[in-house]
Protein chains: 2
Amino acid sequence: MPKIVNHEERKRKVAEACWRVIQKKGIEQATVREIAKEAKMSVGSMRHYFSSQKDLFIFSMQLVMDHVHERIKKLPLSGPPIKDAMQVLSQVLPIDAERRLEMEVWFLFTSKALNDPDLKKKSDEMDDELYQACRLIIEHLTVAADWKQETERLYALVDGLAVHAIMRPGRLHPDLLLSVLENHLKVIGQNV
Amino acid sequence: MPKIVNHEERKRKVAEACWRVIQKKGIEQATVREIAKEAKMSVGSMRHYFSSQKDLFIFSMQLVMDHVHERIKKLPLSGPPIKDAMQVLSQVLPIDAERRLEMEVWFLFTSKALNDPDLKKKSDEMDDELYQACRLIIEHLTVAADWKQETERLYALVDGLAVHAIMRPGRLHPDLLLSVLENHLKVIGQNV
DNA sequence: CTTTATTTAATACATTTGTATCATAAACAA
DNA sequence: TTGTTTATGATACAAATGTATTAAATAAAG
């Protein structure tokens, strides 16, 4: 009956356009008009896929989470613990253009989430998952009794490195970032 | 000649009102009208102190930096290196209401700075200072050859802990935050 | 071809926003 | 008092923004 269009696929295309606008102009300039322009459609047409700007933002956050999940799922793990941990954590670090876009966008959504309960819910989801991932890594790497402390330390290090690499890519480039993280894991592995 | 008003003092009062609005409603809702209301003056009157919203934002960022500087300057240092380091780093960690307000506001300014060159300049100033502070701490605590790596690690840990304490205060409360940081410094102090 | 459901897009509208204008008030100097 | 400078705040205005409305185009089914 209708026009031949893959609805979900179109939604993802719009969300990716939303990402690009946020990266290029910031979240305050991520207006429905700017996003529609980037997606090469009209505002009215875009509204057929997202009934409100907030719907689009939440979908765009979920799409970041989905991409991270997919990359981690595809990883050929069960090698050395430190190597596996590096592979997993690299999926949330801005070490190439693709991850950088997603992490910059996520960073801006996170800041907006501080004063937006709907976005905060999604932000907390991701946060809980990353915390648990760090917890598992710590449990596999060490037998330290204070796993809570070590988990917070690893998780804070990962997010801190991500933010610094986003803000100061000239100082904290991908190679340095990865070596800092790997050395941390090595020290942890020798028991703290 | 004029009305009896301390111009600089008034500017600081407005900037602090700006902080409170940003914390309560987010940076997108930190409009000139909201800030004027919080400062208990009219928009026109506020414009007498700041000719534009951007001027107010940059002054408000500078005021955060000033407060951090003042607190550090007042510290009675030259005790044990780890204790001194903790005292200094605590000034940029959200461990009480005052610091939490400043760090939340700074966090939001930082995210806005990603797409605003004027704010980015101020953000980079603070960033450079904190990096150098971490560098000094590392140099005093260890003789490790890789001071660049250790500086990035400490700095990322500090900022990561700050962001997590802001986003998830229920999980990462001030006591846990401080103990994670202190243990890190202790391990560093034993040479890495 | 006709019908029907979906997609597209132009236009409108009420709000909000930053900034500008202008008149008034206040305090000190002459 | 008179004059001058600073402070205050009401009002105005153009631009931007999220959302709603409405009509047209498209593709498949009858």
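Just so it is clear, the model here is predicted, and its values are computed rather than measured. Lettering follows sequence order; numbering is per chain, from 1. The figures here come from the full heavy-atom set of this structure, side chains too, leaving out hydrogens, waters and symmetry mates.
For the OP1/OP2 pair of C:dT8 and a distance below 4.0 Å, the side-chain nitrogens and oxygens of A:His48 include no atom meeting the criterion. Checking the phosphate oxygens (OP1, OP2) of D:dA16, no side-chain nitrogen or oxygen of A:Gln29 falls inside 4.0 Å. One finds no side-chain N or O of A:His7 lying less than 4.0 angstrom from the OP1 or OP2 phosphate oxygen of C:dT6.
Here the C1' atom of nucleotide C:dG18 and the CG atom of B:Asp55 are 13 Å apart, to the nearest Å. The interatomic distance linking B:Tyr49 (OH) with D:dT6 (P) rounds to 12 Å, in whole Å. As rounded to whole Å, 14 Å separates atom C1' of C:dT6 from atom CG of A:Asn6. A straight line from CZ of A:Arg10 to C1' of C:dT6 spans 13 Å, rounded to a whole angstrom. Atom CD in A:Glu28 sits about 17 Å away from atom P in C:dT16, given to the nearest Å. Rounded to an integer number of Å, the gap from CD1 of B:Ile35 to P of C:dT16 is 17 Å. When rounded to the nearest whole Å, the span between CD of A:Gln53 and P of C:dT15 equals 19 Å. Note: CZ (A:Arg33) to P (C:dT11) measures 13 Å, nearest angstrom.
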Under 3.5 Å donor-acceptor pairs involving side-chain atoms of residues 154-164 of chain A, not counting sequence neighbours:
residue	atom	partner	partner atom	Å
A:Tyr155	OH	A:Asp127	OD1	2.6
A:Asp159	OD2	B:His164	NE2	2.7
A:His164	NE2	B:Asp159	OD2	2.7

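There is no side-chain donor-acceptor pair under 3.5 Å between A:Gln132 and A:Asp128.
In this structure A:Lys120 satisfies the salt bridge (Lys or Arg N to Asp or Glu O under 4.0 Å) test together with A:Asp124, sequence neighbours excluded.
Checked by distance alone, A:Arg47 brings no side-chain donor or acceptor within 3.5 Å of a matching partner on the base of D:dG18.
Distances were taken from every side-chain heavy atom of B:Ser45 (C-beta onward) to each of D:dT8, C:dA12, C:dG18; the shortest belongs to D:dT8.
Between B:Met41 and B:Val14, the shortest heavy-atom distance links the atoms CE-CG2, 3.8 Å.
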